[in-house]
Structures are given as C-alpha cells and as structure tokens.
Amino acid sequence: MFSSVGWGELLILLAAALIILGPERLPGAVSWAMGAVRKVRDYATGASSQLRDELGPDFDQLREPLTQLNELRQMSPKSIVTKHIFDGDSSTIDDLGKSVRETLDVSRPLAKPDGERQVSRESPQPPAPPARKYDVTDWDAT
C-alpha cells in the first residue's frame, strides 16, 4: 500500500508535521505513532498465528493457491521462456539480446569491406543554399 512512498514524500510529511505540531509536540506525536504501528503489527501477527493454529495443515492448503497466483503475477514473457525452456538459466537469452543490440547499434560507424574509410550510417546533410543577394526591386516602397 505504501510501497510507492519515497523519501521526498516523507520529508514533506515531516516538514508539515513540524509546522502543524511544532517542535515541542513533535517527539510525543512520533512516539505515539510508532506505538500505534507496533500495536497494529502485533495484532496482525497474532491474528495470522491464531488462524494458522486453528486451521492447522489446512492453512498451508489455503495459502498454496495464493502463492501460485503471486508467482503468475511475477511472470513475464522472458521469465516464462527461461523457466520452461532453459530450466531457469537466462544467460542464453541475455547473450542473444546482447548480440542483437550490438548488431542493430546505429551509433557505430560502418566500415567498408576493403577497410579504406569508415562511413557514417547517418544520412549526409544537404548543402546549405547560397546566401541571397538583395537588390532594389526586393524592397517594398509603400
């Protein structure tokens, strides 16, 4: 839920808390918030352990589809191919991708087969048009 909260947001919240609560009440508010977080975490841990104790071995059977669903959510086309065809070894796919990127690299200049001169892959720039000379007929006399 809060995995997308970064350091910038935390600093903004801290600055807002400092302005709203003031430096006198801020330490007390932080300790109260930390205590509340600890209590909620303890309640959640206690509830899951109580559920595990009551269900016994059925709890693992209940969690098994959830773990499979999480594995499927993490699958990408590359990871599927790696898992089923290459038995989890992705070095072949990585090497293939590297060679394709090197082959299709457009920033490298091309070399002629006889090695005389290197030619750039970029299209040549057309010559600049000659500068226009103005004469009296170009001026508007109005």
Query raised in the report: Do side-chain atoms of E54 reach the backbone of L51 as a donor and acceptor pair under 3.5 angstrom?
Result: no
Query raised in the report: Which residues satisfy the side chain to side chain donor-acceptor pair (under 3.5 Å) test with E64, sequence neighbours excluded?
Result: none
Query - Q50 vs D53 side-chain heavy atoms within contact, under 4.5 Å - result: no
**Report entry** Distance in Å, I19 CD1 paired with L26 CG, rounded so as to fall on 0.5 Å steps
**Finding:** 11.0 Å
Query raised in the report: Could you give the distance from CZ (R73) to CG (L69), rounded to the nearest 0.5 Å?
Result: 4.5 Å
Query raised in the report: Got a sec, which residues hit side chain to side chain donor-acceptor pair (under 3.5 Å) with S76, two or more places apart in sequence or on another chain?
Result: S79
Query raised in the report: How many angstroms lie between atom NZ of K98 and atom CD of E102, to the nearest 0.5 angstrom?
Result: 5.5 Å
Query raised in the report: Just how far is it from atom CG of L11 to atom CG of L18, taken to the nearest 0.5 Å?
Result: 12.0 Å
**Report entry** side chain to side chain donor-acceptor pair (under 3.5 Å) involving S99 - partner list, sequence neighbours excluded
**Finding:** none
Sequence neighbours left out, cut at 3.5 Å: what donor-acceptor pairs do the side chains of residues 37-48 make with other protein atoms?
{"from": "T45", "atom 1": "OG1", "to": "R41", "atom 2": "O", "distance (Å)": "2.9"}
{"from": "S48", "atom 1": "OG", "to": "A44", "atom 2": "O", "distance (Å)": "3.4"}
{"from": "S48", "atom 1": "OG", "to": "T45", "atom 2": "O", "distance (Å)": "3.0"}

**Report entry** Q61: side chain to side chain donor-acceptor pair (under 3.5 Å) partners, not counting sequence neighbours
**Finding:** none
Query raised in the report: Hey, any chance L13 and V30 share a hydrophobic cluster, counting ILVMFWY side chains that come within less than 4.5 Å of each other, even indirectly?
Result: no
Requested in this report: Please round to the nearest 0.5 Å and tell me the distance separating atom CG of L66 and atom CD of E71.
Outcome: 11.5 Å
**Report entry** Which residues share a side-chain contact (heavy atoms from CB on, under 4.5 Å) with L10, sequence neighbours left out
**Finding:** V5, W7
